[in-house]
Amino acid sequence: MEQFKYKNGVLHCEGVNVGDIAREAGTPVYVYSKATLLAKYKAVADAFSGIDTTVCFSVKSCSSLGVLNVLRGAGCSFDVVSGGELFRVVKAGGDPARVVYAGVGKTDAEIKYALEQGIMMFNVESEAELSNINRIAGKMGKVAPVALRLNPDVDPKTHRHTTTGKLENKFGLDFGMAGHIVDDLPRYPNVVLRGLHLHIGSPVNATAPYGEAIDKALAFLKAHPKADATVEYLNTGGGFGLLYNEEDVPAFSAYANEIVPRVKKAGKKLILEPGRSIVGNAAVMLARVQYRKFNGVKTFVIVDAGMNDLIRPAFYDSYHRVWPTSDKDTGKDTTTALIQTDVVGPICESSDCFAKDRPLPNVDRGDVLAFFSAGAYGYTMSSTYNSRPRVAEVLVDGEKWRVIRKRETWDDLVAHETI
Ligand SMILES: Cc1ncc(COP(=O)(O)O)c(C=O)c1O
């Protein structure tokens, strides 16, 4: 799996034995591969090189400065959904002029900060938000570049929590409202319409919904020639699939085949906002087995990571491959005698379960397990629930590795509280 490979029965990230990281940095820990991040970014950029494309890494999928810094160094732009994410991009050395900013509830302070930083454009999600951006930009003596986020009402056939482009979802503008806005643009003298934005969901393991959404956006532009004249960019958002288990994930080139010809024919430039497909398989989470128990019916392996550290299985029923990092350390035969096991965390919730009835070797206290494909919506969705300090993050580069985020302490847990 990418740069995470077993060499003589021991899991390596690039040239580093991950067991060494677990011993020295402790567990739980997220381990990122720099080579994978760079390869994935390049693969997206190459697949879409047939058209002027700005690849904006979706910061929400993984906002760690160390990761943003690697992607920035490779020439990547960024997509943010809050003032805090924009702050992170700036801290990582990113250029705000290459940042697009979505989100249904941008506050006045966030809009002001984004205008001060000079972002590339806001992805506007309602008429009220457009009025507010227009008001704030006017007060600041600026003109705000915007894209209208359209809700194309297409079904990306993904999890109900991650579908965003249907009318039942809170995101974007329906075509009727978007039409009113573009017919009435002189009412907003402090904004300039530069794009249309169309994020439909995540992950979208099919290419056709992108084509369908673009076709609807282009029909909209055809019906509104004044908007067509100023719209330079079509932004198709993120959502490219990721191989977690055995799903059929289209290649980047297949998404490109669906998207590029349409955008090219319309004479527009393209913006993409991939997150998961770049960082998802660029990290594993390592956790150590605390206890093992059998209740007469089931075998449980209890690890030192909980749903607060990796919430995707509890939140989205997501699958993460789980396997011991070392056959040698455990001395167990991992090819035979697999046992149906529930891998669970220590949190006081029944949903704190990473894997149900998973065939696993007879792992026991002290063994380290790798949770694969943990890079996207892993650390970034973690919390301190059950007063558990957030875990450490490590970046591997060839034979070397370093901590890019220190493990929090109990003191950190209460640092901002008063009695
Ligand atoms: C507006 C927007 N852009 C991009 C993304 C990134 O999606 P993904 O990580 O699936 O590529 C998301 C995530 O849901 C999003 O809401």
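Predicted model only: the values in this text are computed from it and were never measured. Counting starts at 1 for both ligands and their atoms, following the listed order.
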*Counting from 1, what ligand 1 atoms have a heavy atom of Y377 closer than 4.0 Å?*
6 (C), 7 (O), 8 (P), 9 (O), 13 (C)
*Heavy-atom contact under 4.0 Å between G239 and ligand 1?*
yes
_Under a 4.0 Å threshold between the charged nitrogen and the carboxylate oxygen, would E85 count as salt-bridged to K60?_
no
*Determine, for R358 against D342, whether the closest basic-nitrogen to carboxylate-oxygen distance falls under 4.0 angstrom.*
no
*asked:* I need the contact type for D79 against ligand 1. Using non-hydrogen atoms and a strict under-4.0 Å cut-off, is it side chain, backbone, both or neither?
replied: side chain
*Below 4.0 angstrom from a heavy atom of R276, which ligand 1 atoms are there? Numbered from 1 as shown, please.*
8 (P), 9 (O), 10 (O), 11 (O)
*Which of parallel (below 30°), tilted (30 to 60°) and perpendicular (above 60°) describes Y32 and Y30?*
parallel
*Heavy-atom contacts under 4.0 Å between P274 and ligand 1: side chain, backbone, both, or neither?*
backbone
*Does E273, backbone or side chain, put an N or O under 3.5 Å from an N or O of ligand 1?*
yes
*Measure the shortest side-chain to side-chain distance between E127 and Y188 over non-hydrogen atoms and say whether it is less than 4.5 angstrom.*
yes
*Hey, are the side chains of D46 and F48 touching, using non-hydrogen atoms and a 4.5 Å cut-off?*
no
*For ligand 1, find out whether one of its N or O atoms is nearer than 3.5 Å to an N or O atom of G275.*
yes
*Using heavy atoms and a threshold below 4.0 Å, how should the contact between H199 and ligand 1 be classified: side chain, backbone, both, or neither?*
side chain
*So which of G280, S58, C56 gets nearest to atom 6 (C) of ligand 1, if we judge by its closest heavy atom?*
S58
*Examine H197 against ligand 1 and note whether any of their N/O atoms are separated by less than 3.5 Å.*
no
*asked:* Does any N or O of ligand 1 fall below 3.5 Å from an N or O anywhere on S202, backbone included?
replied: yes
*Anything under 30° is parallel, anything over 60° is perpendicular, the rest tilted; go ahead and classify F252 against F240.*
tilted
_ligand 1 to S61 polar contact by distance, N or O atoms, under 3.5 Å_ = no
*Could you tell me whether D184 and R187 have a side-chain N and a carboxylate O separated by less than 4.0 Å?*
yes
*Please determine if D228 and K268 form a salt bridge, counting it only when a charged side-chain N lies under 4.0 Å from a carboxylate O.*
yes
